[in-house]
Amino acid sequence: MEKGTSFLFAGISFDKKKFANDFARFKDTKQGNGDGPTDDFNIGKRDPEDVAVSVRKRKRKIAYVSEVVEGFNVFKSSKSVSLPFEEQNDQDEENQPSRKKKELNKQIEQDALLRKKHHIHVSGSNSPSPLQNFAELSSRYGCDSYLLHNLAELGFKEPTPIQRQAIPVLLSGRECFACAPTGSGKTLAFVCPMLMKLKHASKDGIRAVILCPTRELASQTTRECKRMAKGNKFRIKLMTKELVRNADFSKLLCDILISTPLRLQLAICKKKVDLSRVEHLVLDESDKLFELGMLKQIDYVVKACSNTSVIRSLFSATLPDFVEELARTIMHDAVRVVVGRKNTASDTINQKLVYAGSEEGKLLALRQSFAERENAVDDFRAGNTWVLIATDVVARGLDFKGVNCVINFDFPDSAAAYIHRIGRSGRAGRTGEAITFYTEDDVLVLRNIANVMAASGCEVPSWIMALPKVKWRRHRPERESISTNPEDQEE
């Protein structure tokens with residue numbers, strides 16, 4: 001019997017009784033008794049050569065059937081039989097995960113390890129894999145060479161945590177709201193995928209809108225956007241007061257428009273801009289934009305971006321729950337990306353609380369603080385560093401690369417205000433320092449700042465952490481005129 005004959009009856013039952021007559025007939029023919037099928041040939045009536053051929057064919061058939069019968073007997077008596085190749089493959093697919101499933105599980109495990117390493121927390125269905133490096137922008141998404149060249153030229157060697165996850169989310173066409181510490185590279189996280197998706201300049205009108213809460217931040221975002229788009233012919237415009245008054249947007253070519261909410265609302269009301277073709281809408285410092293003073297303006301702009309395929313994204317260093325709730329009402333199947341702990345300050349800032357006693361004491365403490373940092377004073381005198389006295393306006397997103405210390409002269413009104421204020425230092429991985437003056441009037445809400453400090457790894461006196469947690473109250477100290485003249489203080 002030929003090799004492999006035993007496979008033929010694998011899984012088949014052979015009923016001997018049913019085929020008893022045929023089996024006896026074939027058996028008699030094989031023994032040559034002359035009573036079998038050869039009698040049907042009518043040898044005497046046919047040509048001898050035809051008869052010989054027919055006999056040979058019939059013998060071959062009989063021999064084949066005999067071998068099949070023997071094969072069945074071997075199959076029946078054997079304890080184990082090898083399965084055909086096709087049936088082995090079927091069982092392999094049933095008993096073992098497919099190669100694609102194995103690769104998917106391996107990728108999910110790698111993604112989880114990378115996110116854990118960089119403290120990235122993601123929620124949302126089918127979140128795309130984070131970036132290992134900027135080179136993956138080319139291998140995974142076909143990034144143009146000009147953009148990779150600009151990243152290298154601007155000194156971006158490795159993506160920051162927010163860039164690792166937010167860029168793939170936006171490139172995959174998903175909407176996103178992201179929360180990451182100040183100075184962590186959020187602007188690049190939404191500008192880079194925006195430029196990649198737009199690909200090249202067009203005459204189809206405004207295709208992307210970036211909203212910022214302040215004019216200063218809008219100006220800075222415009223500069224950063226132009227630096228990233230260098231080498232391409234994108235038309236990037238900042239909405240200024242003059243532009244709202246005089247420009248004819250029907251003739252003004254613009255791919256990316258950057259504006260504050262009020263100015264853009266005025267332009268829409270005057271029917272100077274058409275946002276129906278906008279493909280990307282970014283709300284930067286979104287928690288500030290969703291405050292009551294700007295909420296109606298934001299709603300006006302969102303409705304004007306009527307393109308059904310528009311991709312909306314929200315970015316901020318603080319993301320209160322009410323902002324998330326509002327965001328979900330305008331976004332579809334969004335991915336939530338949080339780096340570190342939500343609503344915490346950067347861990348690169350060394351934070352301090354200094355008791356000043358009174359409003360006059362703050363001036364003395366301020367003077368003493370600079371006297372303790374001789375190197376900083378020397379650099380200031382040489383023009384290498386400078387001191388900026390400002391309100392909360394500059395606390396939103398502005399990047400001062402030379403600032404290494406922030407002093408909160410007035411106690412912040414909220415944890416978010418505190419986080420954004422001190423975030424002017426300790427940016428892009430550099431270390432910084434933040435000092436907050438407080439008086440007796442501030443002790444009631446001192447615990448709220450202390451919680452932020454502790455969450456970012458700073459040491460906080462135990463007596464402060466033992467204070468009762470109270471609801472933050474908005475307050476400003478009532479000051480009398482403060483004199484810096486020692487003689488006046490003596491009187």
Side-chain angles (χ1 to χ4, degrees), residues 93 96-144 147-148 151-152 155-197 228 280 282-284 286 309 311-319 321 323-324 327-328 331-344 346-348 428-429 455-457:
E93 290 181 1
Q96 298 178 4
S98 66
R99 181 177 297 178
K100 286 186 178 180
K101 190 172 182 180
K102 282 185 177 180
E103 291 177 354
L104 178 61
N105 290 338
K106 185 177 180 181
Q107 185 63 52
I108 292 174
E109 183 179 357
Q110 290 177 350
D111 293 347
L113 291 173
L114 185 60
R115 289 176 181 137
K116 183 177 181 181
K117 177 182 178 182
H118 295 285
H119 309 290
I120 302 171
H121 308 281
V122 180
S123 58
S125 60
N126 300 321
S127 302
S129 300
L131 292 175
Q132 298 278 353
N133 47 56
F134 280 126
E136 284 192 323
L137 290 177
S138 178
S139 60
R140 284 171 59 181
Y141 301 103
C143 178
D144 290 338
L147 193 54
L148 294 175
L151 286 171
F156 297 107
K157 297 179 181 179
E158 290 290 329
T160 63
I162 188 61
Q163 293 163 5
R164 289 182 188 274
Q165 188 61 72
I167 290 176
V169 168
L170 294 175
L171 285 177
S172 65
R174 301 285 295 280
E175 296 189 327
C176 172
F177 49 98
C179 179
T182 54
S184 59
K186 292 188 290 294
T187 302
L188 176 61
F190 60 76
V191 169
C192 180
M194 180 185 293
L195 296 175
M196 289 177 62
K197 296 288 280 186
M228 286 299 302
H280 303 271
V282 178
L283 305 183
D284 195 13
S286 54
S309 60
I311 298 175
R312 307 175 186 89
S313 55
L314 283 71
F315 285 79
S316 185
T318 50
L319 195 65
D321 292 339
V323 174
E324 284 197 41
R328 293 183 187 279
M331 302 174 80
H332 308 285
D333 193 25
V335 178
R336 178 178 182 266
V337 182
V338 177
V339 175
R341 292 183 60 184
K342 184 183 171 185
N343 300 334
T344 57
S346 173
D347 57 6
T348 60
S456 56

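The basis for the numbers below is simple: all heavy atoms, side chains too, and nothing from hydrogens, waters or symmetry mates. Everything numeric in this text was worked out from a predicted model, so none of it was measured.
- Checking side-chain atoms of Glu175 against main-chain N and O of Arg312 turns up a donor-acceptor pair under 3.5 Å.
- Looking at every heavy atom in both residues, Leu188 comes nearest to Pro193 through O-CD, 3.9 Å.
- Remark: side-chain polar atoms of Glu109 are not paired, donor with acceptor, to backbone N or O of Asn105 under 3.5 angstrom.
- A donor-acceptor contact shorter than 3.5 Å is absent between the side chain of Lys186 and the backbone of Ile162.
- Using a 4.5 Å cut-off on side-chain heavy atoms (C-beta onward), Leu170 and Lys197 make no contact.
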Met194 and Val282: CA distance, side-chain angles, deciding distance, side-chain contact (heavy atoms from CB on, under 4.5 Å) verdict: CA-CA 10 Å; Met194 180 185 293; Val282 178; 3.6 Å; yes
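- Atom SG of Cys179 and atom CG of Leu319 lie 5.0 Å apart (nearest 0.5 Å).
- Between Met331 and Phe177 the shortest side-chain heavy-atom distance falls below 4.5 Å.
- Although no hydrogens or angles enter the test, the distance criterion places no donor-acceptor pair under 3.5 Å between the side chain of Arg174 and the main chain of Ser127.
- A salt bridge is absent between Glu103 and Arg99: the closest approach of a Lys/Arg side-chain nitrogen to an acidic carboxylate oxygen does not fall below 4.0 angstrom.
- Side-chain contact between Asp333 and Ser125 is present, with heavy atoms from C-beta onward closer than 4.5 Å.
- You'll find the side chain of Val337 stays beyond 4.5 Å of the side chain of His121, heavy atoms only.
- For Arg336 (side chain) and Cys176 (main-chain N/O), no donor-acceptor pair under 3.5 Å exists by modelled atom type.
- Between Gln132 and Pro159, the closest side-chain pair of non-hydrogen atoms is not below 4.5 Å.
- Contact check for Tyr141 versus Pro168: side-chain heavy atoms found under the 4.5 Å cut-off.
- Of the inter-residue distances, the one linking Asn133 atom CG with Glu158 atom CD reads 6.0 Å to the nearest 0.5 angstrom.
- For the atom pair CZ (Arg164) and CZ (Phe134), the distance works out to 8.0 Å, reported to the nearest 0.5 Å.
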The test is side-chain contact (heavy atoms from CB on, under 4.5 Å); show your working for Phe315 and Thr187 and say whether it passes. CA-CA 8 Å; Phe315 285 79; Thr187 302; over 6 Å; no
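- For residues 112-128, no pair satisfies salt bridge (charged side-chain N to carboxylate O under 4.0 Å, His left out), with sequence neighbours left out.
- For the pair Gln163 and Ser184, the minimum side-chain heavy-atom distance is 4.5 Å or more.
- For the residue pair Asp111 / Gln107, a side-chain donor-acceptor distance below 3.5 Å is found, with atom types taken as modelled.
- Remark: the backbone N or O of Pro128 is paired with a side-chain donor or acceptor of Gln165 at under 3.5 angstrom.
- Using a 4.5 Å cut-off on side-chain heavy atoms (C-beta onward), Val339 and Thr160 make no contact.
- Atoms OG and CG, on Ser129 and Leu131 in that order, are 9.5 Å from each other to the nearest 0.5 Å.
- Each of Leu195, Val191, Leu137 was checked for a side chain to side chain contact (heavy atoms under 4.5 Å, CB included) with Leu147, and the lone residue meeting it is Leu195.
- No donor-acceptor pair under 3.5 Å is formed between the side chain of Asp321 and the backbone N or O of Glu324.
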